[in-house]
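Each remark here refers to the structure printed beneath this line.
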There are 2 protein chains.
Amino acid sequence: MSLELLRKLANSMMPLPNHEWEALAACWHPVQFKRKEVITVAGEVEKYLYFVNAGVQRLFCLEGDKEATLLFTYTGSFSGIMDSFQLQQPSSAYLETLTASDMLRMSYTDFDRLTLQYPTIERWVRLGTVAALSGLLERHKELLSFTAEQKFRKLLTRSPHVLQLIPHKYLASYLGIDPATFSKLLGTVKL
Amino acid sequence: MSLELLRKLANSMMPLPNHEWEALAACWHPVQFKRKEVITVAGEVEKYLYFVNAGVQRLFCLEGDKEATLLFTYTGSFSGIMDSFQLQQPSSAYLETLTASDMLRMSYTDFDRLTLQYPTIERWVRLGTVAALSGLLERHKELLSFTAEQKFRKLLTRSPHVLQLIPHKYLASYLGIDPATFSKLLGTVKL
DNA sequence: AGAAAATCTTGGTGCAGATCAACATTTTAT
DNA sequence: ATAAAATGTTGATCTGCACCAAGATTTTCT
């Protein structure tokens with residue numbers, strides 16, 4: 001069980017004192033998932049916080065018969081349905097793997113104990129949550145004001161690597177456009 | 001300076017011990033703003049956390065020459081640019097009043113001291129932030145999958161009161177649709 | 001109260017992008 | 001290695017909604 005990536009991310013957010021880090025590190029347990037496996041179902045309460053050691057996952061909602069992809073998580077990032085986990089309320093989203101995934105997870109019981117016991121960890125979690133909020137606000141702005149082409153271009157410049165990593169139909173769903181439109185836009189830019 | 005509404009909201013989120021509540025209460029200072037006043041400008045770091053005793057405000061971004069309204073704040077809710085405030089990073093949004101507003105505010109210095117000194121308050125802030133994240137995710141889903149009409153109807157059922165409270169052009173901007181379209185949709189439902 | 005500014009309504013037009021469909025290509029499973 | 005399933009491409013059509021514009025109405029300021 002490798003905590004290397006996690007430690008790196010943790011330090012970049014806000015360095016934790018040794019004692020806190022050790023308490024935190026002790027609470028993670030390894031889990032593996034196959035490709036296309038649904039980890040959490042909408043309506044359930046998220047029981048775990050995940051950290052991705054390898055693989056790609058996506059978080060999405062069902063609205064009628066359409067899927068709306070909220071975000072992707074990758075090797076080296078946290079994963080899970082954050083609001084459902086922290087508030088222990090039913091989730092409105094699904095979490096599934098896109099590739100076979102090697103992850104660490106922490107139960108809510110441990111999480112709750114850690115945050116109550118160590119103010120530094122409580123703060124660390126808050127700052128992580130705010131960072132997530134900040135990113136979501138940024139995307140929100142784009143959804144409100146960008147055309148399909150603008151959203152597409154922004155994706156290309158911000159994270160070109162996802163083109164190879166993630167099936168285009170999910171990227172289209174992430175941008176809120178039709179897969180066919182995504183494919184056509186791709187054609188205009190490749191030349 | 002009335003802390004009544006604030007206390008009510010605080011208790012509904014997570015009751016604070018008396019001592020913490022008093023420390024918190026001591027940090028708020030009253031401010032008034034006129035109608036249409038810009039409180040925080042994009043690019044600046046948000047210096048204050050606000051609580052609304054009376055009035056309506058909106059948070060928006062400029063994208064080219066278009067405005068995208070991210071959210072409204074009302075009497076009895078917190079206000080301010082949360083991510084910029086908590087991370088003390090430049091904001092990408094503006095905060096302005098829609099009506100003359102009677103608010104309380106707390107400086108970042110006090111906020112930071114309080115959260116470091118009182119773990120209960122740190123936790124209280126975290127849970128508030130997660131709740132905000134949760135609401136934003138819900139809206140995000142709608143932006144990704146709803147048509148103009150669906151977004152409009154959802155607004156009507158969820159918060160019909162805003163129709164009288166907020167100029168329709170801002171509601172349109174909040175939904176990411178054209179003001180003229182909003183007006184036409186309104187015509188179809190009134191009959 | 002009256003003038004000025006802001007907002008709302010309504011009709012007409014155009015186009016970005018959804019939808020449909022058939023085929024090509026890539027990926028996965030056995 | 002091969003079949004089967006999933007994903008991507010491309011063209012043709014159709015439509016929801018943005019855009020424009022002019023007049024009506026409401027709200028704000030002095």
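Computed over heavy atoms, backbone and side chain alike; hydrogens, waters and symmetry mates excluded. Naming convention: chains lettered A, B, ... in sequence-line order (proteins, then strands); numbering from 1 in each chain.
For A:Thr115 (side chain) and A:Phe111 (main-chain N/O), a donor-acceptor pair under 3.5 Å exists by modelled atom type. Distance alone, capped at 3.5 Å, is enough to place a donor-acceptor pair between the A:Lys151 side chain and the A:Leu175 backbone.
For D:dG16, the OP1/OP2 oxygens have no side-chain nitrogen or oxygen of B:Thr147 closer than 4.0 Å. At the phosphate of D:dC29, OP1 or OP2 sits under 4.0 Å from a side-chain N or O atom of B:Arg35. Within the structure, every side-chain polar atom (N or O) of A:His168 is placed at least 4.0 Å from both OP1 and OP2 of D:dT7. Taking side-chain N and O atoms only, B:Lys66 has a distance below 4.0 Å to OP1 or OP2 of D:dC19. At the phosphate of D:dG8, neither OP1 nor OP2 sits under 4.0 Å from any side-chain N or O atom of A:Ser183.
Between B:Leu163 atom CG and C:dT9 atom P there is a gap of 10 Å when expressed in whole angstrom units.
A:Thr73 and A:Ser79 are linked by a side-chain donor-acceptor pair at a separation below 3.5 angstrom, with hydrogens and angles left out of the test.
The 5' end of DNA chain C is approached more closely, in terms of each residue's nearest nucleotide, by B:Ala180 than by the other of B:Ala180 and A:Gly176. For the pair B:Lys36 and A:Ile177, nearest-nucleotide mapping onto DNA chain C gives the more 5' position to B:Lys36.
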For this session: Start with the C-alpha distance between A:Asp112 and B:Arg123, add both sets of side-chain angles, then the distance that settles salt bridge (Lys or Arg N to Asp or Glu O under 4.0 Å), and finish with yes or no.
Result: CA-CA 11 Å; A:Asp112 200 42; B:Arg123 170 170 271 250; 3.1 Å; yes
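Candidate nucleotides D:dT7, D:dC19, D:dC17 were compared by shortest atom distance to the side chain of A:Pro167, and D:dT7 ranks first. Each of C:dC8, D:dG8, D:dC17 was ranked by its minimum atom distance to the side chain of B:Ala148; first place goes to D:dC17.
At a cut-off of 3.5 angstrom, counting only N and O atoms as typed in the model, there is no donor on one side facing an acceptor on the other between the side-chain of B:Lys151 and the base of D:dG16.
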